[in-house]
Amino acid sequence: MAPEPNPRVLYAKIPSSQHLIPGEHLVYDPAPTIDLECPLAKGQFLTKTLLLSPEPYMRERLRDPAINTYSTPMKVGQPLVGMALVIVLRSEKEGLRAGEYMVGFTPWEAYTVQPYVDARVEYKDFPSYTFDMDSLILKPVQDPQGAFPWPRFCSCLGVPGMAAYVGIEKIADVKPGQTIYVSSGASGVGSMVIQFCKQKGLKVIASASTDEKVKFMKSLGADVPFNYKTTPVAEVLAREGPIDRYFDNVGGEQFEAAVNNMSLNGVVVICGAISELNIPREQRYGNISTLFHRRIRVQGFLVTDSPDLLGRFFQEIPVLLAQGKLKSEEHLFWGMENGIAAFLSLFDGTAQAKPVVVLDPKYGASA
Ligand SMILES: NC(=O)c1ccc[n+]([C@@H]2O[C@H](COP(=O)([O-])OP(=O)(O)OC[C@H]3O[C@@H](n4cnc5c(N)ncnc54)[C@H](OP(=O)(O)O)[C@@H]3O)[C@@H](O)[C@H]2O)c1
């Protein structure tokens, strides 16, 4: 059989702590090919990548491996690795058949012999707080058969949805009548936090960077959606607060504004700090004596800390989605050649919603 093109997005060079440069740090490489009839060893299987999910944590992985943080780094000279929807083309793995769909980590390339090996980082000599990202292996998922569109597996049924669920169910300890502020309220995580909190009877204040996103947050039920680019966060929180809970997706100045507007015994859920990912580590923000003065409990978490909750997540959320009781939006980028733009859209404000890279147009319908 003639070799098939196997385009990929390569992690070509470790970025400094500043922004990623396409063509330098991340390179679209259309040259590789693959023989789709290649021999597979026992336990191996061949997948075709259908959808890719660019996510903020991937930026933290693109670093000097000598720097310790919560995630293992990625390997220079290998494709990016991240969450994706794939279909099994051939399988020599027991219990796995051609035609099955799977969600989990895979390299950013069109076809992959699984389990991928070259892009894996050996999980050895890391501090105990470092999570082995390559352990997020592909797992079978059901064909939703039209109950909801495929890109939902990257947004509300993917890492963002799970993070919102774990943050609210495990950390936030929310009660009806309370007021919560969620930053990046139109993001994959934020859009689910808004909906979970409305279902639980909270007043929800939520921010995003454009008026379009403000409309989206309103459609999700946010009581006070606002554009943080045009209205200062501190001003809105002083008017609409005090807040009992802060679901922090961005860190930095918004964190400080939220803490300064918290009520007694408030809780801050630290889900992420996307505003800090592209600035030098030594310039990252810190307050934080107010946390102490107001006895605020602050707790970071990784979605992967709570496998126990995720069983419940997959029982409850697909049903609500299929019933139309949850909404989700994705911003679709078409083709591997737009993969880098999709990833950079996380940081440059161009993502209109949770980005998803569609490699096979059949899977791109996003109702
Ligand atoms: N703890 C966990 O296990 C876990 C799991 C998943 C995600 N997270 C974190 O949750 C957060 C949201 O992730 P997601 O997957 O939902 O992201 P997403 O859907 O890809 O959205 C990212 C959004 O972040 C906002 N943003 C980008 N740069 C920013 C800046 N400098 N200041 C303020 N906002 C900025 C942008 O929204 P605007 O245009 O509105 O600014 C962007 O669209 C991230 O911090 C991520 O690291 C944590």
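One-based numbering, in listed order, for ligands and for the atoms of each. Because the structure is predicted, anything quoted here is derived from the model rather than measured.
For the 3.5 Å distance criterion, the side chains of Tyr11 and Arg61 fail to qualify, holding no donor opposite an acceptor. Side-chain contact of Thr210 with Glu212: a donor-acceptor pair under 3.5 Å is absent, judged by distance alone. Checked by atom type, the side-chain pair Ser207/Ser183 shows no donor-acceptor distance below 3.5 Å. Side-chain contact check for Ser191 and Lys354: no donor-acceptor pair (N or O, by modelled atom type) lies under 3.5 Å.
For ligand 1, none of its N or O atoms has an N or O atom of Pro355 under 3.5 Å away. Among the atoms of Asn249, some N or O lies under 3.5 angstrom from an N or O of ligand 1. For the pair Gln254 and ligand 1, the shortest N or O to N or O distance does not fall below 3.5 Å. For the pair Ser275 and ligand 1, the shortest N or O to N or O distance does not fall below 3.5 Å. By the 3.5 Å distance cut-off applied to N or O atoms, Leu302 is not counted among the residues near ligand 1. Considering backbone and side-chain N/O atoms, Ser209 comes within less than 3.5 Å of an N/O atom of ligand 1. Residue-to-ligand polar distances place Lys213 within reach of ligand 1: an N/O pair is separated by less than 3.5 Å. Taking only nitrogen or oxygen atoms, main chain and side chain alike, Gly188 reaches within less than 3.5 Å of ligand 1.
Distances from ligand 1 to the non-hydrogen atoms of Gly349 include no value under 4.0 Å.
Among protein heavy atoms, atom 6 (C) of ligand 1 sits closest to Val159 CG1, 3.5 Å. For atom 7 (C) of ligand 1, the nearest protein heavy atom (residue, atom name, distance) is Val189 CG2, 3.7 Å.
Put simply, the residue from Thr47, Asp134, Thr106 that forms a side chain to side chain donor-acceptor pair (under 3.5 Å) with Tyr116 is Asp134.
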Practice task
For the pair Glu4 and Lys48, evaluate salt bridge (charged side-chain N to carboxylate O under 4.0 Å, His left out) and give the outcome as yes or no after the intermediate values.
Solution key: CA-CA 12 Å; Glu4 187 74 18; Lys48 178 183 179 198; over 6 Å; no
Handout entry: Asp223 vs Lys203, salt bridge (charged side-chain N to carboxylate O under 4.0 Å, His left out): CA-CA, chis, key distance, verdict
Key = CA-CA 6 Å; Asp223 301 281; Lys203 171 178 168 180; over 6 Å; no
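For Glu24, the CD atom is densely surrounded, since the number of other residues' heavy atoms within 6.0 Å is greater than 12.
With a heavy-atom cut-off of 4.0 Å, Ala163 touches ligand 1 through its side chain alone. Contact annotation: for Ala208 versus ligand 1, heavy atoms closer than 4.0 Å belong to both the backbone and the side chain. Contacts between Val250 and ligand 1 below 4.0 angstrom, taking non-hydrogen atoms only, involve the side chain exclusively. Proximity of Cys271 to ligand 1, defined as any heavy-atom pair under 4.0 Å, is shared by backbone and side chain alike.
No side-chain heavy atom of Ile274 sits less than 4.5 Å from a side-chain heavy atom of Asn249.
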